[in-house]
Structures are given as C-alpha cells and as structure tokens.
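Report on the following structure.
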Amino acid sequence: MTTDPTSRYDQTRMPFLESLIDEKLNQSTSFHMPGHKGTKAPHPLLQEFFGGNLHPADLVEINHNVDYLHSPKGALLKAQQLGAAAYGADHTFYLINGSTVGNMAAVMSTVGPQQKIIMSRASHRSVYGAVVLSSAIPVYIEPEYHPDIEFPLALNVNKIKELLQQHSDVAAIHITSPNYYGVMSDTASICHMAHAHGVAVLVDEAHGSHLCFHGDLPRSAVALRADIIVQSTHKTQGSLTQSAMLHVNDNGFVNRARIAQVLSLLQSSSPSSILLASSDATRMQMATEGQQRLSTVIVLSQNARNTIQRMNGLWCYGDELIGVNHVFTYDPTKLIIRVSDLGISGFQVSSLLRNQYNIEVEFADLKHIICSITIADTESTVNKLLDALHHLTSTNSPTTNSNEMSIRPPSGLPQSAINLRDAYFSTKTHTIPLCDAIGRVLAENVIPYPPGIPLLVPGEIMEQRHLDYIHHLIEKGSSIVGMEDLSLKTIRIVDV
Ligand SMILES: Cc1ncc(COP(=O)(O)O)c(C=O)c1O
C-alpha cells in the first residue's frame, strides 16, 4: 500500500474526513438543512450519549467543502479512489445503506426485467428484495447441506455449470461467500466458468471485507476478479453500522455508470457524511495497519479455536471443514462453536453468556454459537469468552442426547406457483391461520432468523414439512421474521 505523501494514492490520507474537519472549523451560519444546524443535541440525554460531537459533525453537501455521494468530484471521489486501491478493485463506491443496498444495486444494474439470475437459495433477504425490485427471474441453486453443522454452507460448482448450460440466457450469478458461518465457496472457479459463458459474477462478501488485507486469509472475491463485490465494512472492520462498500472489477460484464445510477435511485439523497467519513478512516486504518492487526486477529482466533477444541463437550470447527460438501475454505476469524454436545442449544448458551457473563455472540443456531474476532479484539476480550466457555463446560457435562437438537431443514426447493414479484405485489390476498396454510401460495416471506435465509418466499407453496420445521424452530427458541403477524399465528396467502 502506498504511504508516499507525494502520491495521489497515499493511504495515510483521509480526504473526506479531512474535508469535514476543515468545514467544521469554518463554523458558517447555517440557513439550510439539517434542522439542528450543527448545534448541540435537542436533549441532554442524547448529548450525554453522543458526547456532544455528533450534531456539529453532521455536515451535508450544502456545506461548501463537502463532496456529494451521488456526484462525487472532490474529496469523496479521492476517498473512493483510495478505497479501490486499498481493496484491490478497479472502482469502489462507498455505501450508506449497508450491503443491503449493495446487493440490490449489484442485481438491479446487471439483470433486467424478465432476465434470469442464478442465485443461492441461501441468499440474504436483500437479494430476494433485489429480485422483487428488478423483476428478474431467479434460478435457485441450493448450497450443499453440511451434515454436521446442519446448514447449507457452500455451492457446488458443477451444479452452477449445469445451470449455466440449461439456461443459456442467464445475465448474472449471485453468490454469498463467506456466508454467515464464515464458510466459502470456490469463487475463483465460479468466476472462471461464468466469465467463459459471458455472465457476470456478483458476490455478497458482506462478511469478508477484512479478507483483502492479509495474505494468510482466504482470498477476497475482489482479488479473484468477480465483477461486483459487496462488503459490509461495518461487520468485520471498523466503520459505522450501515456503512459498506461496493467494489467493481471492469471485466467487461458490468457497467459502472449504470451501477452509479441504480445506487442513486436506491440510496438517500441526503447521505450521512458521518458514515462516509467512517468508511474513509476505516480504509486508511486497514491500508496502513490492516496486515499487522489482522496477524494478531489470526493468532487470537487460532489460539481460541485450539483452546475450545480441548474443552470437554465443545467443538470449534477448523480445517476439517475444507473439502466436505464443497466447502472450499473458511474464514478463520469466525469461530463456529458447537455446544449441543452439552445437551443445551446454541440459543440457550447465547442467553446464558449474555445473562451470566455479559457476553454477546454474533449469532446462535440450534447447535452452535458463532463468535466473530476482529481487529477490535484483544487477548483480554478473547480470554473473557474462553473463561466463560470453560465455566460452562465445568457446569454442564457432555450428553448423548444432543440429537434432540437436530432437525434438518426441508431439503429440495419449495414448489413455486407464482413468480416472486407478482406474489409480493398481489392485491388478491387474505390472512389465514398458519396451520391452515398447507398447500396455499404464500404472499409473504418466512425467514428463520438468524441467519435470515428464507425458508419460503412469496409465490411458494407451504408444505407440511415446512410447517413442521417452523414449529420446531419456534419451540427451540429461534425467531421467524418476514411474516406480518409477529405472533406467527397467521399468514397472508395469495388467492389463486
Ligand atoms: C450475507 C449477508 N449479506 C448482506 C447483509 C446485509 O448487510 P448490511 O447489514 O450491511 O446491510 C447481511 C446482513 O446481515 C448478510 O448477513
């Protein structure tokens, strides 16, 4: 990374943040938005919470010096260029609505109405949202179910090949790698194959922005020359929640100007400078110190993994994941800790850690808790987790009844009666008791959360196996989102 002060790619600079500091010093008298006009918070409690600095820093493009997200020409343009150089892309867009908007823009800028997109069935809801908005036709690919983790983890490249041969009119492939568990598919082969078919590869790398900055981590899809790569820098680096990046590689399959247009369509016309400044600073931090800080993260994670593997009744997955059911590799900074051998569910351990040890995990499922180690962690934070787990194993003995935790999600794709968009916008719908929905076409999503992957989407038919699975998840403490009735007793169906 360049740190030469004479270079336009000097990564020690933070052009956008620096421009805000200059503007703040100006202290102009404002007759424009925002209504707070940079004065202190409207309530002392908010003032106390933010430390009094947030409102004065909430500068907008009307301020003379502040560059505008939707037509960057100055400091923000430079910041994005530094972003592209740091992450290794041909172009980078900073985002203010997370990877959610990144996924939507990736799909909407490459796949037109009635064009096909091959997408993982285990995609984040934002990808389904993109399909609704774009009128694209999804061709689903189911990731391979991992027998032990009991979750569909990685994509079978040969299945993608078959789909590409069956559907010669596909406009793009959308994949998620790493997924919620840090498990990665063979993105390089997917890119190679897709590009040979003239098809763009869009990668949801929401959980992988750190991969760009250390040679011992799996390679980011940016380096593997995927066409659009979306990263939640707020998830695994230091930027503020909602900030994210969309990277573009100009391989001839996507149109950068079109992406800019779609982002302008989807994102607020009043972008938060605070979020953008946090992206600028995070890029600087990762470009200048990322390698060194991630070395520490890798050591902390590996030590934690080794220690947990020695704890009676716990297991933390590592290299044994590779090669099983098409898992290409995994992100070592995510700890997938199996707790079910202790006879308690991941959900129970997650609340136990919260209530007894003041520890919040990234998420839990029936059998696991998932913990994320980042550059913000230290030996002390990781030891806190290890101490708590150690205590947990000393008060709970391994049991042979852990199978009670198991329930396999229904395999095979649900039957679709109407396309997703038509079902989503259908006006001929009514609400019925959930248990009467078997054989009916849904008008709303059913999404077990976490990790937020739809079990059923609008237009699909609910079967007994889906209902059984929903009941089981609810009984075990999982949440279901996407349904209008938060009590989960009724569901809206399409009248067909
Ligand atoms: C795989 C995946 N993609 C996209 C998103 C959306 O990211 P964001 O919260 O930055 O909008 C998430 C959020 O959890 C995610 O897990």
Side-chain angles (χ1 to χ4, degrees), residues 83 87 92-108 117 119-133 138 140-143 149 151-155 173-185 187 201-211 218 220-222 226 228-247 262-263 266-268 271-272 274-276 278-279 282 330-331 333-334 336 360-365 368 370-372 374 445 447-455 457 478-479 481-482:
Y87 289 77
T92 292
F93 293 93
Y94 286 3
L95 310 177
I96 50 151
N97 194 21
S99 288
T100 297
V101 82
N103 276 327
M104 289 179 168
V107 173
M108 289 173 70
I117 177 167
M119 61 180 267
S120 167
R121 180 68 192 185
S123 295
H124 183 257
R125 56 206 282 198
S126 54
V127 188
Y128 288 88
V131 168
V132 170
L133 291 174
Y140 295 120
I141 169 158
E142 281 188 289
I149 295 191
F151 192 80
L153 289 184
L155 294 170
I173 300 176
H174 185 286
I175 66 169
T176 303
S177 181
N179 73 354
Y180 314 78
Y181 291 82
V183 167
M184 301 182 69
S185 296
T187 303
V201 179
L202 321 175
V203 182
D204 179 345
E205 207 173 76
H207 295 275
S209 60
H210 56 302
L211 302 179
S220 158
V222 181
I228 299 180
I229 305 93
V230 177
Q231 296 179 334
S232 294
T233 44
H234 72 88
K235 288 193 198 300
T236 60
Q237 298 180 358
S239 67
L240 293 174
T241 299
Q242 265 185 240
S243 62
M245 294 187 192
L246 183 154
H247 305 290
V262 177
L263 283 172
L266 296 174
Q267 298 200 99
S268 169
S272 160
I274 293 167
L275 294 182
L276 294 169
S278 88
S279 295
T282 290
Y330 68 101
D331 171 8
T333 70
K334 279 257 174 9
I336 314 172
E360 292 283 358
V361 301
E362 168 101 26
F363 76 94
D365 65 19
H368 310 94
I370 285 73
C371 295
S372 173
T374 74
N445 285 298
I447 309 176
Y449 186 88
I453 294 169
L455 175 68
V457 298
S478 177
S479 309
V481 299

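These values consider heavy atoms only, across backbone and side chains, with no hydrogens, waters or symmetry-generated copies. Throughout, numbering of the chain's residues begins at 1 and tracks the sequence. Counting convention: from 1, in listed order, for ligands and their atoms alike.
- Polar contact check, Ser126 against ligand 1: no nitrogen or oxygen pair lies under 3.5 Å apart.
- Backbone and side-chain nitrogen or oxygen atoms of Tyr180 are examined, and none is located within less than 3.5 angstrom of a nitrogen or oxygen of ligand 1.
- Put simply, part of His234 is less than 4.0 Å from ligand 1, judged by heavy atoms.
- Expressed to the nearest 0.5 Å, how far OG1 of Thr100 lies from CD of Gln267 amounts to 10.5 Å.
- Minimum interatomic distance between Gly83 and Thr92 (heavy atoms only, all atoms of both residues): C-OG1, 3.7 Å.
- Heavy-atom contacts of Lys235 reach the following atoms of ligand 1: 7 (O), 8 (P), 9 (O), 12 (C), 13 (C), 14 (O) (cutoff under 4.0 Å).
- Expressed to the nearest 0.5 Å, how far CD of Gln237 lies from NE2 of His210 amounts to 8.5 Å.
- His234 and Gln242 share no side-chain donor-acceptor pair at under 3.5 Å.
- Shown here for Ser243 and Ser239, the closest heavy-atom pair between the two residues is OG-OG, 2.6 Å.
- In plain terms, the two heavy atoms of Pro448 and Pro454 that are nearest each other are CD-C, 4.5 Å.
- Of the inter-residue distances, the one linking Thr282 atom OG1 with Tyr94 atom OH reads 9.0 Å to the nearest 0.5 angstrom.
- The protein atom (non-hydrogen) at minimum distance from atom 16 (O) of ligand 1 is His207 NE2, 2.7 Å.
- Residue contact check: Ser232 has heavy atoms under 4.0 Å from atoms 7 (O), 8 (P), 10 (O) of ligand 1.
- Neither the backbone nor the side chain of Asn179 comes within contact range of ligand 1; no heavy atom lies under 4.0 Å.
- Regarding atom 11 (O) of ligand 1, its nearest protein heavy-atom neighbour is Thr100 OG1, 2.5 Å.
- Counting the atoms of ligand 1 from 1 in the order shown, those under 4.0 Å from a heavy atom of Thr176 are 1 (C).
- The protein heavy atom nearest to atom 2 (C) of ligand 1 is Asp204 OD2, 3.4 Å.
- When heavy-atom distances to ligand 1 are checked against a 4.0 Å cut-off, Ala244 has no atom that comes that close, whether in backbone or side chain.
- The shortest distance between side-chain heavy atoms of Leu202 and Val107 falls below 4.5 Å.
- The nearest heavy-atom contact from the protein to atom 8 (P) of ligand 1 is Ser99 N, 3.4 Å.
- Ring geometry for Tyr181 against Phe151 counts as tilted: the plane angle lies between 30° and 60°, on a 0 to 90° scale.
- The ligand atoms of ligand 1 that sit less than 4.0 angstrom from a heavy atom of Ala206 are 2 (C), 3 (N), 4 (C).
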